[in-house]
Amino acid sequence: MEIFIKIIQFFLCFTILVGIHELGHFVMARIFGIRVEKFYIFFDPWFSLFKFKRGDTEYGIGWLPMGGYVKIAGMIDESMDKEQLKRPVQPWEFRAKPAWQRFLVMIAGVVMNVVLAIVIYCGVCYTWGDTYFSNEDARWGYAFNESGHRLGFEDGDRFVSVDGQPVDDPVALLNALLINENGRRVVVERHGEEVALDLSLEALIAMRQEQGYENLFRLREPFIVDSVVTAAGLRKGDEIIALNQYRGLEFFDYKALLQLQAGEEVDIEVLRGADTLTLTLPVDADGRLGVVAANPYTPRTRYYTFLESVPAGFRKAGRTLSSYWQQLKLIVQPKTELYKEVGGFLSIGNIFSSTWNWHDFWLKTAFLSIILAVMNIIPIPGLDGGHAIFTLWEMLTGRKVSDKVLEVAQYAGLLLLLALLLYVNGNDFYRFFIK
């Protein structure tokens, strides 16, 4: 059932993103009086699942869920329909229009995906607000995984700053560690003193390659009493800081020690306000002390009015766009070997929650819409960016690129895209079924 929910979310998201992208091309083409022969969600080689015709345009849904397209009259595109180019130029064809109009038609899909992300982020801010954990509330510091320890962090460290910028949201710090080109300087508070850690780019890349960013750090969980059941002498709000000779541990560590002391008595130290108390208490046969532990952490939520949500949505879209672009620049650098991280449809589908959550779904959809926009604007023949760069050349030089060059470039681009598609989905197959 969980996989089924992921699949539904993936296809719903993909349909929205592809539909909005192609709608951008369609609307801009129609504004300039260009005929659109086909408008398809998903590809339709050999046959389509559903189609109908209205006016000059055939609308349909293909069976191959790897994208979508609009077939614009008089344009060399992925359909590779060269017969139309042998006929005299018609006023309603793409090739009959001035370069600036063709350029706008080409980038309209990318613009629509960015606009969609902005609209979604505005809606999310207005409906749910921004829920985050403030670094100020990490009174007991963080616990780090093995990769974090190799970077120089110690359990109990509290973040102070990264490259001189104060840390408020720990998620932003994690993003800063993942996306950088020159390493980072992180200052932490350790045993009441500030310690600077210079994290080299090589060390951060190694952390990424071993996927150490997964659970790189988490909040330390103290043993704080929420309510007392049978433990005489303890009060609500007490923090257990030592058990027998063990101190400075977390709740689950103390809980495990209590299991080993079932039916016996233990000496505990309790922090109550500014005072430290020592108590001797019995442990029941089930290894319990007779208290209910509290969760000391409460996420913060920043709420927005309708007017406030608009600039907030723009800011979130801008940060996401900048972050992904920086990450893409790192991926294409061979020395980082981060190209090994890229994934295909399985990786994309796996980012969705296994339970239905509209808040999470719309955030993932906005993020993927930004990715789709960035990937499409890359100047690779076959993508919108490839078409746009040829048109931009014509606008700057006044010389139109020949149809033969466009045809060859289109074939080369399609072969490159096919190779990339095989590579990223091959990565998925290796990670999910072999590794």
Side-chain angles (χ1 to χ4, degrees), residues 110 113-114 117-118 120-121 124 130 132-135 138 142 144-153 157 159-188 196-218 312-344 347-348 350-351 360 363-378 385 420 423-424 427-428 431:
V110 169
N113 279 126
V114 174
I118 292 171
I120 290 176
Y121 282 133
V124 167
D130 265 337
Y132 69 103
F133 181 82
S134 174
N135 185 60
Y142 299 88
F144 298 84
N145 64 12
E146 187 176 344
S147 293
H149 291 150
R150 279 199 290 270
L151 289 173
F153 294 107
D157 285 353
F159 301 125
V160 177
S161 65
V162 55
D163 290 343
Q165 298 298 316
V167 175
D168 180 28
D169 184 355
V171 175
L173 177 133
L174 179 60
N175 289 336
L177 297 183
L178 292 175
I179 305 170
N180 69 96
E181 299 180 13
N182 301 298
R184 299 288 189 193
R185 164 166 279 211
V186 179
V187 176
V188 298
L197 303 176
D198 289 310
L199 311 183
S200 68
L201 179 60
E202 291 73 22
L204 293 174
I205 289 173
M207 179 267 291
R208 284 196 60 161
Q209 290 174 342
E210 64 191 14
Q211 296 185 331
Y213 51 83
E214 295 181 357
N215 302 313
L216 180 66
F217 56 84
R218 61 174 176 79
F314 271 90
R315 287 193 298 270
K316 287 178 74 70
R319 287 194 298 267
T320 304
L321 182 60
S322 174
S323 174
Y324 184 71
W325 181 253
Q326 293 299 321
Q327 185 162 310
L328 189 62
K329 286 165 58 180
L330 285 175
I331 289 174
V332 299
Q333 295 180 23
K335 68 176 182 178
T336 68
E337 296 188 3
L338 296 181
Y339 55 84
K340 297 177 181 178
E341 293 184 5
V342 297
S347 292
I348 296 173
N350 202 46
I351 71 171
D360 181 73
L363 285 175
K364 298 291 174 52
T365 300
F367 174 64
L368 291 174
S369 192
I370 291 291
I371 291 180
L372 183 60
V374 172
M375 295 304 294
N376 264 281
I377 205 61
I378 296 174
L420 288 173
Y423 175 75
V424 297
N427 270 356
D428 275 354
R431 276 196 296 263

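Below, each value reflects all heavy atoms present in this structure, side chains not excepted, and no hydrogens, waters or symmetry copies.
- Here the CG-CG distance, from Leu216 to Leu174, works out to 6.0 Å after rounding to the nearest 0.5 Å.
- None of Asn113, Thr320, Val114 except one satisfies the side-chain contact (heavy atoms from CB on, under 4.5 Å) rule with Ser369; the exception is Asn113.
- To the nearest 0.5 Å, atoms CG (Asp130) and CZ (Arg315) are separated by 9.0 Å.
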Could you please spell out the steps behind the side chain to side chain contact (heavy atoms under 4.5 Å, CB included) verdict for Leu177 and Val186? CA-CA 9 Å; Leu177 297 183; Val186 179; 4.0 Å; yes

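- Taken to the nearest 0.5 Å, the CG atom of Leu372 stands 12.0 Å off from the OG1 atom of Thr365.
- Between Val162 and Val187 the shortest side-chain heavy-atom distance does not fall below 4.5 Å.
- Side-chain atoms of Asn135 come within 3.5 Å of backbone N or O of Phe159 as a donor-acceptor pair.
- Residues Tyr324 and Met375 meet the side-chain proximity criterion, which asks for heavy atoms closer than 4.5 Å.
- Judged by distance alone, the side chains of Asn175 and Ser323 never bring a donor and an acceptor atom under 3.5 Å apart.
- Here CZ of Arg184 is found 12.5 Å from CG of Asp198. Values are rounded to the nearest 0.5 Å.
- The backbone N or O of Tyr213 sits nowhere less than 3.5 Å from a side-chain atom of Arg208 that would complete a donor-acceptor pair.
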Under the criterion side chain to side chain contact (heavy atoms under 4.5 Å, CB included), I'd like the reasoning laid out for Val124 against Leu363: C-alpha separation, chi angles, the key distance, then a yes or no. CA-CA 8 Å; Val124 167; Leu363 285 175; 3.9 Å; yes

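- For CG of Asn215, the number of neighbouring non-hydrogen atoms (other residues, nucleotides, ligands) closer than 6.0 Å is 12 at most.
- Put simply, the side chain of Ser322 never gets that close to the backbone of Gly318: no donor and acceptor are under 3.5 Å apart.
- Using cut-offs of 30° and 60° on the angle between ring planes, the pair Phe144 and Phe153 is parallel.
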Apply side chain to side chain contact (heavy atoms under 4.5 Å, CB included) to the pair Leu173 and Phe217, showing each step before the final yes or no. CA-CA 11 Å; Leu173 177 133; Phe217 56 84; 4.0 Å; yes

Can you list the steps and then say if Asp168 with Ser134 is a side-chain hydrogen bond (donor to acceptor under 3.5 Å, both in side chains)? CA-CA 5 Å; Asp168 180 28; Ser134 174; 3.2 Å; yes

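- The backbone N or O of Arg185 lies less than 3.5 Å from a partner atom in the side chain of Asp163, making a donor-acceptor pair.
- A centroid separation of 6.0 Å or more is found between the aromatic rings of Tyr121 and Phe314.
- Side chain of Asn145 to main chain of Glu214: a donor-acceptor pair is present (N/O by atom type, distance under 3.5 Å, no hydrogens or angles).
- With rounding to the nearest 0.5 Å, the separation of NE2 in His149 from CG in Asp157 is 8.5 Å.
- In this structure, the ring-ring contact (aromatic ring centres under 6.0 Å, His included) partners of Phe133, at least two apart in sequence or on a different chain, are Tyr297.
- With hydrogens and angles disregarded, no donor-acceptor distance shorter than 3.5 Å links the side chain of Ser147 to the backbone of Met207.
- Within the 3.5 Å criterion, the main-chain N or O of Ile351 finds a donor-acceptor partner in the side chain of Lys364.
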